[in-house]
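Reading through the structure tokens given below for one structure.
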Amino acid sequence: MNLLSPITAIKGIGEKTATLFHRMGIHTVEELLSYYPRNYEQFQEPVTFANLEVGKQQAVLGDIKRPLEVRRVRGLTIVTTTLVEFGTCLKLCWYNMPYLRNTIKPGSSYIFRGLVQRNKGQLVMEHPQLFKPEEYESRISVLQPVYSLTKGVTNKTVEKAVRQALEEMDLSQEYLPEEIRCKHKLPEYNFAIRAIHFPTEEETLRLARKRLVFDEFFLFLLALRHMREYVEELGNCCPILPCTQTEELLARLPYKLTGAQQRVWQEVQADLAGPGMMSRLIQGDVGSGKTIVAVLALLAAAANGYQAAMMVPTEVLARQHFGAIQSILEEHGFPYRAVLLTGSVTAKEKRRLYERIELGMVQLVIGTHAIIQGGVQFDNLGLVVTDEQHRFGVRQRELLTQKGGHPHVLVMSATPIPRTLAMIVYGDLRISVIDELPKDRMPIKNCVVDESYRPKAYAFMQRQIEEGRQVYIICPMVEENPEVEMENVIDYAEALREEFPGETVIAYLHGKMKGMEKAEIMERFARGEIQILVSTTVVEVGVNVPNATVMMVENAERFGLAQLHQLRGRVGRGKHQSYCIFVSGSDNSDTRKRLEILNKSNDGFFIASEDLKMRGPGDLFGLRQSGLMEFQIGDIFTDAAVLQAASEETEHMLKTDPQLSQAEHQGLREKLERYQLRDGGSLQL
Ligand code: ADP
Ligand code: MG
């Protein structure tokens, strides 16, 4: 077995499990080893019921006195029991696990471990884990790896596979030059890779993580620099010159661009016509009007005879942008064709689209990642825009190059990233900031309330609906289980029907719905046919329905600040006064402090910096920032110091041995080549 062996080389992984692993992006043993835990669990001593705290993961010792109760509610089997200790009750429940009735026997004791919640005044644990007391005892204080999973793969399966690989592989070969390791106090790969999966204590984990974060940044930056050199040599191979079509569009917009939008559009135009290829990042808070700048650039590309593509993270967003662009083309009679390319397009339709794109019969392609994944070839791709894109880096650019072009690249994001960090991570990207909201915007009015406020909130929504406005309600995600989440959203929407007059149209969205279904609901909402949309966070990114004026977030304490700010950004997009109601199910003081930040400010940059302050550097277990650049393990914010170190070493390497041809860099060179090959990129040094 070596690093490049397929995972079937591992005992216990057959073809079937391998297919599931492929879905998690794991094909080789090396990819398995770098499938780092997303978190670690540390089991604490069980608490007495009097010490239960809502919002915390806790364990209790429970004596089972009666057989568990089993109920069926709309296709869902719910198993429950209530434990009592000195007058405090704790209800336990599990969904779709009827066999527990036979496992958990009256007369025995177990440790139950889970998130403590309060529901209708009662303490509840949903889906608690279950241990024999002696089994639990042996796990206390050991850090347990928690992996991201896909359906059909358990945490145990991954854990066992990793253990196997670690046992059988000789990992003593080190690819990071000793000089670098010593200088930055990085442990050896051999040590780090073991410790990241099975840390013996927090300090080892911290060290291991630092090393692997360094590796990740270093490889990324080396690849990025090589790419940059390559792009620089190209010059501007698709000059896009100012054209009358964009002027025409601007003249007939229902609004005037803000000063910031105008400035940024000029910067983009200068790049497109300039001496090299454009690589520009547009940062602007939610609602600042980034889309129109992108649309102008797309139109300019088409008018100059090129194809242009726009890539977004969700189908809902793709359809929204596609619709907007279609109507602009029709309204102005521009002779360009736009198509929508997403995961839910049928294979047959896809082939037809591919053909038309390859023949150059289509100028504008709007879609999801499907744009760079499938067999699409462009005729002459001149520009790629990515909107709210989390991952657009070296590999994506390389993939596009293979697909028939060296396009100009425009990346748009609402995630504020400090300039110094952006300079490193984007290396070659220029940055434009839209730091001004359209003039007609009124600041969103916020409030943070507890659950008892709900009836008042509903009454308020009713008044807004009577005035013709629309409402979003974000349902809590009880846990990372799409089945349960779906049930929640449906239940909530149903209960809500009792609270509103019969003619109010209430609909829901959740992650288990197909892309098409979601998009249809969103479109009906956008047309005003739905008044209240109950949803999980799938509406988080980019969705634009200016008539919606109320956003209510249930269990706001469960979300990260950046995410809450994104959610809030769904309202306040039009001329009406908008409101955001954060309902907090916890009176924990940290939670209150976090929500207070949102309550006080509507400014994304301010919120991000406060968030960062509260998390602190090297925060191992904090909520991950849903960020612009998502690395596997590194976090450009909290690992900024490591990023800086990796950046310096990259510069140094490029000065001393740019081709990594020295003997002591051979391991690194091979590692880098493998890094560049992942995801199908094929960047050669
Ligand atoms: P975001 O930056 O979050 O992507 P959008 O581009 O979706 O924001 O714009 C939000 C809303 O503001 C849209 O309805 C858009 O039509 C509108 N808009 C954009 N620019 C202006 C402007 N200069 N004046 C008024 N409304 C604008
Ligand atoms: Mg947007």
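Note that ligands are numbered from 1 as they come in the structure, with each ligand's atoms numbered from 1 the same way.
Residue contact check: Arg441 has heavy atoms under 4.0 Å from atoms 11 (C), 12 (O), 17 (C), 18 (N), 26 (N), 27 (C) of ligand 1. Remark: ligand 1 atoms within the under-4.0 Å shell around heavy atoms of Thr258 are 23 (N). In summary, the atoms of ligand 1 found under 4.0 Å from a heavy atom of Pro546, numbered by their order in the structure, are 14 (O). Shown in contact with Leu257 at under 4.0 Å from a heavy atom are these atoms of ligand 1, numbered in order with element: 23 (N).
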### Query
Should Lys575 and Asp440 be marked as a salt bridge (charged side-chain N to carboxylate O under 4.0 Å, His left out) after you check the CA-CA gap, both sets of side-chain angles, and the distance that decides it?
CA-CA 6 Å; Lys575 54 183 185 294; Asp440 59 356; over 6 Å; no
#### Entry: Stepwise side chain to side chain donor-acceptor pair (under 3.5 Å) check, Arg592 with Ser584
CA-CA 8 Å; Arg592 222 173 319 131; Ser584 167; over 6 Å; no
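Below 3.5 Å of separation, one finds no N or O of Asp440 facing any N or O of ligand 1. For the pair Gly287 and ligand 1, the shortest N or O to N or O distance falls below 3.5 Å.
In terms of heavy atoms, Gly343 sits closest to Lys350 at O-NZ, 4.0 Å.
For the residues Ala260, Gly289, Gly284, the heavy atom positioned nearest atom 9 (O) of ligand 1 is part of Gly289. Within the set Ser288, Gly259, Pro438, Gly572, the minimum heavy-atom distance to atom 24 (N) of ligand 1 is found for Pro438.
For Met412, no heavy-atom contact with ligand 1 is shorter than 4.0 Å.
Salt bridge status for Arg352 with Glu349: present, with a side-chain N to carboxylate O gap under 4.0 Å.
In this structure a side-chain-to-backbone donor-acceptor pair under 3.5 Å is present from Arg263 to Val433. Remark: the backbone N or O of Cys580 is not paired with any side-chain donor or acceptor of Arg568 at under 3.5 angstrom.
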